[in-house]
S.K.: 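Take a look at the following structure, please.
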Amino acid sequence: MSSRKLVFSGVQPTGNLHLGNYLGALKNFVSLQKNTECIYCVVDLHAITIFQKPNELQNNVLETVASFLATGLDPKKSTIFNQSSVSGHAELAWILNCVSRIGWLNRMTQFKDKAGSDKEKASVGLYIYPNLMAADILLYKATHVPVGADQKQHLELSRDIAQKFNNDFDCKDFFPLPEPLIAKNISRVMSLRDGTKKMSKSEESDYSRINLKDSPDEISKKIKKAKSDSSSIPDNLKDLEKKPEALNLINIFSEISKKSLEKTLIDMSGKEYSYLKTKLTELVINEITPVGKEIKKLLAEKAYLKNVLKKGKEKANIIAEENLKNIREKVGLI
Ligand code: AMP
Ligand code: TRP
């Protein structure tokens, strides 16, 4: 096996990015680009598995690029582009639709969550979404994929698809089996209103999440209103784990302050949650508002953002076409 390392990840352009995307994915993207070849994709074809208004989708693609750049991704170091601009994603997805198994897709919990109670009404695209995700990764023969914990199952499916392709077409090691890179301490940032649900763009209440573009005032209000606990902060993790909303706030604090959870608990135990919330508000405002300001600034430079996408597309397409040529050959397509 070669030791070549290539990072790939995708983010859906479906609205405001939030603290969960930032801590669970984007910060990792930025640190990886220092030493590794990285490809970051705005996955617009994934977004349309649930209906998107066309003009909003276009704006959301640009906003996602602006968020990438504002958190520190450098288009000179990383390849940044949108999925639909490289047609190889859709072509490989079709081939992988024929490799992947219905039984495998039936186990995907994200489909069950997103389709809700009336699965018959979900789009076919939503059902085969994980096959397109496997195509994104395998099109570049990526070896490492930074994602939040919610994507772990999809990554496992991508590995199964890669392995089955390598077996079916008798080409051992053709596709590397992609490894997930999941942030150790903060792989799942939870909703501020319900500590058992992940923070999400699609949650109805804006009070459930901190958006990267929120003002200091909004951040402060949201943290003040966040669910916590009426007793004081415990001194051990076991007790804290019984209160998922409180655990989430302490986790976020620990991640941004770069202090371990144990050290944070030692510092905070016996104090009221209002104390934690004051400290957390300060930290989050310092971390997030410069990013939000930069996003807003970049959004005024649409031509620049489009140019970043165009250059990224050209770079991505070269790798994609080269790999696709070999893939078509393996499958027997002329
Ligand atoms: P999405 O916005 O669903 O395309 O997600 C983009 C990236 O952010 C993926 O790697 C997700 O796993 C990650 N992510 C989304 N929500 C959260 C969350 N609440 N906590 C941690 N990571 C998240
Ligand atoms: N499914 C991912 C999410 O919702 C987005 C995604 C699409 C992705 N293709 C990918 C992530 C490839 C990593 C690699 O967050």
S.K.: When rounded to the nearest 0.5 angstrom, what distance separates OH in Y273 from CG in L280?
M.R.: 12.0 Å
S.K.: Would you call K222 and D206 a salt bridge, taking side-chain N to carboxylate O under 4.0 Å as the test?
M.R.: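 D206 and K222: salt-bridged.
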S.K.: Mind running side-chain hydrogen bond (donor to acceptor under 3.5 Å, both in side chains) on D239 and N236 for me, showing each step along the way?
M.R.: CA-CA 6 Å; D239 285 345; N236 65 85; 3.1 Å; yes
S.K.: Using modelled atom types and a 3.5 Å cut-off, is there a donor and acceptor pairing between side-chain atoms of K213 and backbone atoms of G292?
M.R.: no
S.K.: Looking only at heavy atoms, which two atoms of L249 and S228 are closest? And how far apart?
M.R.: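 Nearest pair, atom of L249 first, then S228: CD1-CB, 4.0 Å.
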S.K.: I'd like to know if I285 and Y275 are part of one continuous hydrophobic network [Ile/Leu/Val/Met/Phe/Trp/Tyr, side-chain heavy atoms within less than 4.5 Å].
M.R.: yes
S.K.: Specify the closest pair of heavy atoms between I161 and V99, including all atoms of both residues, with the distance to one decimal.
M.R.: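 So the minimum-distance heavy-atom pair works out to O-CG1, 3.9 Å.
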S.K.: Between K271 and D267 (side chain of the first, backbone of the second, donor and acceptor by atom type, cut-off under 3.5 Å), is there such a pair?
M.R.: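 Between the backbone of D267 and the side chain of K271 there is a qualifying donor-acceptor contact (under 3.5 Å).
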S.K.: State yes or no: are the ring centers of H154 and Y129 separated by less than 6.0 Å?
M.R.: yes
S.K.: Give a yes or no on whether F165 and I102 share a hydrophobic cluster (residues Ile, Leu, Val, Met, Phe, Trp, Tyr; joining criterion: side-chain heavy atoms under 4.5 Å apart).
M.R.: yes
S.K.: If every non-hydrogen atom of I137 is compared with every non-hydrogen atom of S158, which pair is closest and at what distance?
M.R.: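 For I137 and S158, the tightest heavy-atom pair comes out as CD1-OG, 3.8 Å.
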S.K.: Looking only at atom types and distance, does a side-chain atom of N60 sit under 3.5 Å from a main-chain N or O of T14, one as donor and one as acceptor?
M.R.: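 Not at all, since once roles are kept as given, no pair shorter than 3.5 Å links the two residues.
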S.K.: I'd like to know if the side chain of D217 pairs up with that of S215 as donor and acceptor (distance under 3.5 Å, no hydrogens or angles considered).
M.R.: no
S.K.: What verdict does the side-chain hydrogen bond (donor to acceptor under 3.5 Å, both in side chains) test give for T109 and Q153, after you've listed the backbone C-alpha separation in whole Å, the side-chain angles of each residue and the deciding distance to 0.1 Å?
M.R.: CA-CA 8 Å; T109 55; Q153 194 186 32; 3.2 Å; yes
S.K.: Looking at T143 and R4, what are the two nearest heavy atoms and their distance?
M.R.: CG2-O, 3.4 Å
S.K.: Rounded to the nearest 0.5 Å, what separates atom CG in L276 from atom OG in S232?
M.R.: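 That separation rounds to 12.0 Å.
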S.K.: Check whether any side-chain heavy atom of Y304 sits under 4.5 Å from a side-chain heavy atom of L69, and report yes or no.
M.R.: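 When only atoms from C-beta onward are counted, L69 and Y304 do touch, with a gap below 4.5 Å.
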S.K.: Could you go through Q12 and K201, starting from their C-alpha distance and side-chain angles, then the distance that decides it, and tell me whether this counts as side-chain contact (heavy atoms from CB on, under 4.5 Å)?
M.R.: CA-CA 10 Å; Q12 297 191 68; K201 295 171 194 161; 4.2 Å; yes
S.K.: Specify whether H89 and F8 have parallel, tilted or perpendicular ring planes, treating 30° as the upper limit for parallel and 60° as the lower limit for perpendicular.
M.R.: tilted
S.K.: Let me check something: do L19 and V11 share a hydrophobic cluster, defined by ILVMFWY side-chain heavy atoms less than 4.5 Å apart, either directly or through other members?
M.R.: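 Yes, L19 and V11 fall within the same hydrophobic cluster.
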S.K.: Side chains of I219 and E287: closer than 4.5 Å at any heavy-atom pair?
M.R.: no
S.K.: Minimum heavy-atom separation for P178 to A142, with atom names?
M.R.: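 Scanning both residues completely, I find the closest heavy atoms to be CB-O, 3.9 Å.
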S.K.: For a quick test of your reading: what N or O donor-acceptor pairs under 3.5 Å do the side chains of residues 309-334 make, sequence neighbours left out?
M.R.:
unit_1: N323; atom_1: ND2; unit_2: L139; atom_2: O; d: 2.8
unit_1: R328; atom_1: NE; unit_2: E91; atom_2: OE2; d: 2.8
unit_1: R328; atom_1: NH2; unit_2: E91; atom_2: OE1; d: 3.1

S.K.: Tell me whether M190 is reachable from I250 by hopping between hydrophobic residues (I, L, V, M, F, W, Y) whose side-chain heavy atoms are closer than 4.5 Å.
M.R.: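 No; tracing contacts between hydrophobic side chains, which count when under 4.5 Å, never links both residues.
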S.K.: What I want to find out is whether E156 reaches R159 closely enough, with some N-O distance under 4.0 Å, to be called a salt bridge.
M.R.: no
S.K.: Do any N or O atoms from the side chain of S67 and from the backbone of E63 form a donor-acceptor pair under 3.5 angstrom?
M.R.: yes
S.K.: side-chain hydrogen bond (donor to acceptor under 3.5 Å, both in side chains) between Y127 and N106: does it pass, once the steps are laid out?
M.R.: CA-CA 8 Å; Y127 182 62; N106 283 343; 2.6 Å; yes
S.K.: Please check this pair: side chain of S208 against backbone of S205, looking for a donor-acceptor N/O pair closer than 3.5 Å.
M.R.: yes
S.K.: Please tabulate, for the side chains in residues 74-83, all donor-acceptor contacts under 3.5 angstrom to protein atoms that are two or more places apart in sequence or on a different chain.
M.R.:
unit_1: D74; atom_1: OD1; unit_2: K76; atom_2: N; d: 2.8
unit_1: S78; atom_1: OG; unit_2: Q33; atom_2: OE1; d: 2.8
unit_1: N82; atom_1: OD1; unit_2: S85; atom_2: OG; d: 3.3
unit_1: N82; atom_1: ND2; unit_2: D44; atom_2: OD2; d: 3.0
unit_1: N82; atom_1: ND2; unit_2: S84; atom_2: OG; d: 3.4
unit_1: Q83; atom_1: OE1; unit_2: D44; atom_2: N; d: 3.3
unit_1: Q83; atom_1: OE1; unit_2: L45; atom_2: N; d: 2.8
unit_1: Q83; atom_1: OE1; unit_2: H46; atom_2: N; d: 3.3
unit_1: Q83; atom_1: NE2; unit_2: H46; atom_2: ND1; d: 3.2
unit_1: Q83; atom_1: NE2; unit_2: D136; atom_2: OD1; d: 2.9
unit_1: Q83; atom_1: NE2; unit_2: D136; atom_2: OD2; d: 3.3

S.K.: With rounding to the nearest 0.5 angstrom, report the CG to SG distance, L6 to C38.
M.R.: 7.5 Å
S.K.: Side chains of E203 and S191: do they bring a donor and an acceptor to under 3.5 Å?
M.R.: no
S.K.: Of all the heavy-atom pairs spanning L298 and L305, show the shortest one and how long it is.
M.R.: O-CD1, 3.5 Å
